Amino acid sequence: MRIHANDGINADAKTRLQEEGFTVTTDHVPQEQLIAFINAEKVDVLLVRSATKARKELIDACPGLKLIGRGGVGLDNIDVAHAKTKGIPVINTPASSSISVAELVMAHLFGLMRNLHESNRTMPVDGRTKFKDLKKAYEKGTEVRGKTIGIIGFGRIGQWTARYALGCGMRVIYVDNSAVAEAIELEINGQTVRVGVKMVTMEELLAQADAISVHVPGQKDGQPVLSAEHLAQVKPGVVIVNTARGGSIDEDALLAALKSGRVKGAALDVFTNEPEPRADLLTEPKLSLSPHIGAATAEAQGRVGEELADLIISWRDSVQVNS
Ligand code: NAD
């Protein structure tokens with residue numbers, strides 16, 4: 001059976017699948033050539049991350065496809081319902097990257113609190129000639145300990161972010177339209193402790209949070225969970241981190257809130273127009289930026305590969321049993 005991992009797969013998973021008898025290719029094929037490639041190479045299993053799209057057009061044009069796999073959480077780049085109508089199962093690895101995304105949130109958060117995103121831009125240019133001016137410009141940093149983080153979307157990544165935030169001495173409040181947790185378990189050096197977290201209304205979260213982190217999936221109505229109306233209600237001087245989806249925050253409203261000073265700083269790992277984010281976001285000094293690398297750690301990609309390999313092998317075994 002032929003597997004093509006168009007956005008790559010970790011080396012151990014590739015080896016394991018090869019040992020199981022699969023032929024695995026990982027060279028990236030541009031989206032516009034992918035249909036022809038899948039048909040010419042008789043690909044049975046297409047694996048993608050977030051870059052490659054498996055839309056209705058591709059699914060219809062590739063009758064030999066038997067399984068589609070997504071290494072990661074969101075399935076918005078795959079027409080899952082349509083694949084199912086064609087008898088093609090879609091698998092993904094939702095839990096494997098939660099820790100890595102939560103750690104990126106904390107990295108951005110610490111940077112924002114101490115203006116590292118700005119000083120990393122200005123030090124290479126002015127560090128030798130205006131050191132004292134830069135020291136003065138960035139001397140009003142704040143600690144995270146004792147601050148309140150408001151988490152929007154308290155699922156897997158939201159709860160891992162809460163663990164790290166609690167570990168740093170932050171108070172955690174959250175909104176979620178389904179998950180309800182009154183406490184979170186933290187494992188520290190083999191000991192497990194339960195620490196309280198509080199579900200609040202969106203209005204309470206906006207009014208109380210010193211830092212906001214967004215962890216909802218893409219919304220069915222396409223609307224941002226942080227709109228201009230919401231940003232008008234935030235605590236002045238708040239910092240905001242978005243590692244969810246580009247559309248989760250209204251980018252125009254965020255830029256306006258940064259320029260007015262209502263929002264002190266923000267971090268974006270995801271953008272509405274990926275892979276070509278708008279230029280005015282990239283040049284905004286109050287934004288801490290990363291190119292959609294939330295899940296991109298060795299550990300997460302190892303777990304993604306391992307889980308995908310398990311799922312593919314079980315699927316192959318079940319297909320063989322049933323045929
Ligand atoms: P999850 O399904 O475990 O949790 C999402 C939570 O959001 C759920 O509890 C759900 O009830 C809640 N929710 C949905 N809509 C809401 C709304 N309007 N208001 C309040 N709560 C709402 O998902 P997850 O694994 O935690 O992933 C969260 C997001 O992170 C997804 O958008 C995913 O695509 C994104 N993600 C990004 C990266 C990255 O590289 N930056 C990597 C992995 C996942």
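What you are looking at is a predicted structure, and each value in this text was computed from that prediction instead of being measured. Atoms within each ligand, like the ligands themselves, are counted from 1 in listed order.
Of the inter-residue distances, the one linking I157 atom CD1 with S97 atom OG reads 5.5 Å to the nearest 0.5 angstrom. Rounded to the nearest 0.5 Å, atoms CG (D27) and CZ (F37) are 7.5 Å apart. Taking CG from L289 and CZ from R121, the interatomic distance works out to 5.5 Å, rounded to the nearest 0.5 Å.
With contacts defined as side-chain heavy-atom distances shorter than 4.5 Å, the pair N242/I212 does not qualify.
For ligand 1 and V225, the ligand atoms under 4.0 Å from any heavy atom of the residue are 18 (N). Atoms of ligand 1 found under 4.0 Å from any heavy atom of G294, numbered from 1 in the order shown, are 39 (C), 40 (O), 41 (N). Distances below 4.0 Å separate heavy atoms of S178 from the following atoms of ligand 1: 11 (O). Per-residue contacts place H215 under 4.0 angstrom from the following atoms of ligand 1 (heavy atoms of the residue considered): 5 (C), 6 (C), 7 (O), 28 (C). For ligand 1 and R245, the ligand atoms under 4.0 Å from any heavy atom of the residue are 32 (O), 34 (O). The ligand atoms of ligand 1 that sit less than 4.0 angstrom from a heavy atom of T243 are 35 (C), 36 (N), 37 (C), 38 (C), 39 (C), 41 (N). Within ligand 1, counting atoms from 1 as listed, the ones closer than 4.0 Å to a heavy atom of H292 are 39 (C), 40 (O), 41 (N).
The only member of D176, T161, V241 that meets side chain to side chain contact (heavy atoms under 4.5 Å, CB included) when paired with H215 is T161. With Y174 as the partner, the side chain to side chain contact (heavy atoms under 4.5 Å, CB included) test is satisfied by one option alone out of I149, I152, V180: V180.
Taking atom 18 (N) of ligand 1 as the reference point, the nearest protein heavy-atom neighbour is Q219 OE1, 2.9 Å. In terms of protein heavy-atom proximity, atom 8 (C) of ligand 1 is nearest to D176 OD2, 3.4 Å. In this structure, the protein non-hydrogen atom closest to atom 23 (O) of ligand 1 is R156 NH2, 3.5 Å. Of all protein heavy atoms, the one closest to atom 43 (C) of ligand 1 is V73 CG2, 3.5 Å. Protein heavy atom at the shortest distance from atom 27 (O) of ligand 1 is I157 CD1, 3.4 Å. Protein heavy atom closest to atom 4 (O) of ligand 1, with residue, atom name and distance, is G155 CA, 3.2 Å. Regarding atom 35 (C) of ligand 1, its nearest protein heavy-atom neighbour is A244 O, 3.5 Å.
Under 4.0 Å from ligand 1, the heavy atoms of V101 that appear belong solely to its side chain. Residue V216 touches ligand 1 through backbone and side chain together, judged by heavy-atom distances below 4.0 Å. With a 4.0 Å heavy-atom cut-off, ligand 1 is reached by the side chain of D269 but not by its N, CA, C or O.
The neighbour count for R2 CZ, taken as heavy atoms of other residues, nucleotides or ligands under 6.0 Å away, is above 12. Few gaps surround CD on E139; more than 12 heavy atoms of other groups in view lie less than 6.0 Å from it. Atom CD of E306 has 12 or fewer heavy atoms from other residues, nucleotides or ligands within 6.0 Å.
A donor-acceptor pair shorter than 3.5 Å cannot be found between the side chains of E118 and Y138.
Under a 3.5 Å cut-off, the side chain of Q301 and the backbone N or O of A298 do not form any donor-acceptor pair.
Closest heavy-atom approach to atom 14 (C) of ligand 1 within the set P217, G153, A181: this belongs to P217. Considering N177, D221, L75 only, the shortest heavy-atom separation from atom 17 (C) of ligand 1 involves N177.
Under a 4.0 Å N-O distance rule, the pair K66/D44 qualifies as a salt bridge.
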